[in-house]
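I have placed the structure first, in the form of structure tokens, so that the comments after it can refer back to it.
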Amino acid sequence: MRFFRNLLLTLIFMAAVGAAALFGYYRFRGGREIALINEGIALMEQGNYRSARQKFADAQQFENSITRRLSDDTLEEDLYRYAAICDFRLGEYEEAAYIFDKLLVLHPRDSSLLSSRASVYAATGNMEEAESLFDTAIAIDKSNYTRIYTAALTLREYGNEDAGTRYFQKLLAEHEKDLDPVIKGQALCFLKQYEEGIKVLGSIENPDMQTSFLLAGAWEQTGAHKRALKILEEFEEQIVNYPDMLNLKGTALCGIGKYKEALDCFEQALPLSQAGTALRRSILFNRIAVYENLRDFKKAAQLAAEYSEKYPDDQAMNRENLFLQSR
């Protein structure tokens, strides 16, 4: 009897050890998945969406029914949300839409998901659908003014400036007292109220890079090119990773006649910018203007023809294109 009892205890012990090892293995897998997600998020914050997307793809390899049970229930959904954001930023709109649509089946009244899906609609030129989803998200999350802010920025960025302006006006009309000063200053600047925007942004103590960038942009709009450049000089190393800042720096350099340096900024900014955005369009436009100022009319004419083919609605550039082709 003692032999059988000892054998039974041994078998139970071995099973327990095996179960513990199995649990530890899957917990390791879940831990590695979380580590990859965190690495991906850090890369997103740096604007490196391509590398971040790869981290999320690697993390997806750890997804299985056991790791989901051992970890937070929302882990898998968060992973796919981050992946979709990267797809969106990389211009892979079909992939982003697919993920957001799947998540919205699970959470049809998630205002964040609705805003994200609306952004994809805007990026693909479906402005009516974009506004409709933005309005739904705003109605669900009435106290959260960032929903209005996101709608304003997104619609403006993808070419619907009138709608973007309406949302910025709505933002100030309904939430001005509650607004973060950075958002308020940005809204004022986008509404072309630059002097008021400068007052708000200039009153912020120890401004971060985003605040300084907005302030520099406001000064540039008032014609204070040197003042804008002075602010941007503080972030010389970081600017090379941000196409909007490079574009602003190039514009300010044009304002003081430094066209070759400005061209370098536009050339650096172009591959970093997202296709289909107002920023990409601005960079292309500014690059043509620089070549004209450098009196390289052949190159300017070539780029103007390409621009007019891509943006046939730009009447000012169409006229400029006709002029350049005749030189």
Side-chain angles (χ1 to χ4, degrees), residues 42-50 89 149-150 152-154 156-158 161 164 168 179-294 296 300 303:
L43 288 165
M44 287 175 69
E45 291 173 349
Q46 299 168 21
N48 190 346
Y49 296 104
R50 181 67 63 189
R89 290 297 181 186
Y149 175 70
T150 299
L153 278 183
T154 305
R156 187 179 187 277
E157 181 63 17
Y158 290 100
E161 190 161 344
F168 273 123
L179 289 179
D180 175 279
V182 176
I183 292 178
K184 182 178 179 180
Q186 188 173 23
L188 288 167
C189 290
F190 280 146
L191 293 173
K192 302 187 186 328
Q193 299 176 33
Y194 299 114
E195 292 185 1
E196 292 182 43
I198 287 170
K199 287 180 183 178
V200 173
L201 295 170
S203 68
I204 298 173
E205 295 183 3
N206 302 316
D208 59 11
M209 186 169 66
Q210 179 197 6
T211 305
S212 298
F213 168 64
L214 292 171
L215 183 59
W219 280 118
E220 172 60 23
Q221 289 292 339
T222 65
H225 311 298
K226 290 184 178 179
R227 196 156 190 172
L229 287 169
K230 186 173 180 59
I231 294 173
L232 293 175
E233 282 174 4
E234 299 176 23
F235 304 95
E236 195 68 35
E237 294 182 2
Q238 297 96 316
I239 282 176
V240 295
N241 298 313
Y242 295 93
D244 49 354
M245 294 189 182
L246 285 166
N247 189 45
L248 175 60
K249 182 180 178 181
T251 303
L253 286 167
C254 285
I256 59 174
K258 294 188 176 183
Y259 299 114
K260 288 185 178 180
E261 293 93 329
L263 180 58
D264 288 339
C265 289
F266 298 137
E267 295 290 4
Q268 290 177 60
L270 192 57
L272 297 175
S273 62
Q274 188 176 354
T277 62
L279 175 59
R280 170 71 69 89
R281 185 168 178 167
S282 174
I283 294 167
L284 291 171
F285 187 99
N286 290 336
R287 188 173 60 157
I288 295 167
V290 167
Y291 275 112
E292 283 194 71
N293 281 293
L294 290 171
D296 187 345
L303 295 176

Verdict with supporting geometry, Ile256 and Lys226, side chain to side chain contact (heavy atoms under 4.5 Å, CB included) | CA-CA 8 Å; Ile256 59 174; Lys226 290 184 178 179; 3.9 Å; yes
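- You'll find the side chain of His225 stays beyond 4.5 Å of the side chain of Lys258, heavy atoms only.
- Residues Leu303 and Leu284 are not in side-chain contact: their nearest non-hydrogen atoms beyond the backbone lie 4.5 Å or more apart.
- Considering CG of Leu232 and CG of Leu248, their distance stands at 5.0 Å, rounded to 0.5 Å.
- Residue pairs meeting the salt bridge (Lys or Arg N to Asp or Glu O under 4.0 Å) criterion with at least one partner in residues 261-284, sequence neighbours excluded, are Glu267-Arg287, Arg281-Asp313, Arg281-Asp314.
- Atom NZ of residue Lys199 and atom CG of residue Leu215 lie 13.5 Å apart, to the nearest 0.5 angstrom.
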Go through the steps for Arg227 and Thr222 under the test side chain to side chain contact (heavy atoms under 4.5 Å, CB included), then give the verdict.
-> CA-CA 10 Å; Arg227 196 156 190 172; Thr222 65; over 6 Å; no
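- Using a 4.5 Å heavy-atom threshold, the side chains of Val240 and Gln268 count as touching.
- The two residues Ala228 and Ala252 come nearest to each other via the heavy atoms CB-CB, 4.5 Å.
- Side-chain contact between Asn293 and Cys254 is absent, with no heavy-atom pair separated by less than 4.5 Å.
- To the nearest 0.5 angstrom, Ile288 atom CD1 is 12.5 Å from Asp296 atom CG.
- Between Leu201 and Cys189, some side-chain heavy-atom pair lies under the 4.5 Å cut-off.
- Residues meeting the ring pair (Phe, Tyr, Trp, His ring centres under 6.0 Å) test with Phe168, sequence neighbours left out: Phe190.
- Here CD of Glu233 is found 8.0 Å from NZ of Lys249. Values are rounded to the nearest 0.5 Å.
- One side chain, Tyr158 or Gln274, offers a donor N or O that lies under 3.5 Å from an acceptor on the other.
- Scanning both residues, Glu157 and Thr277, for their nearest heavy atoms gives OE2-CB, 3.0 Å.
- Heavy atoms of other residues, nucleotides or ligands lying less than 6.0 angstrom from CD of Glu237 number 12 at most.
- Judged as a side-chain hydrogen bond (donor to acceptor under 3.5 Å, both in side chains), the pairs with a partner in residues 206-216 (not counting sequence neighbours) are, in order, Asp208-Thr211.
- Side-chain contact between Gln238 and Met245 is absent, with no heavy-atom pair separated by less than 4.5 Å.
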Give the intermediate values and the outcome of side chain to side chain contact (heavy atoms under 4.5 Å, CB included) for residues Asn247 and Phe266.
-> CA-CA 6 Å; Asn247 189 45; Phe266 298 137; 3.2 Å; yes
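- The line from CH2 of Trp219 to CD of Glu195 is 8.5 Å long, rounded to the nearest 0.5 Å.
- Nearest heavy atom pair, residue Gly185 against residue Val200, reads N-CG1, 3.9 Å.
- Rounding to the nearest 0.5 Å gives a distance of 10.0 Å between OH of Tyr194 and CD1 of Ile198.
- Within the 4.5 Å cutoff, no side-chain heavy atoms of Leu253 are placed close to those of Tyr259.
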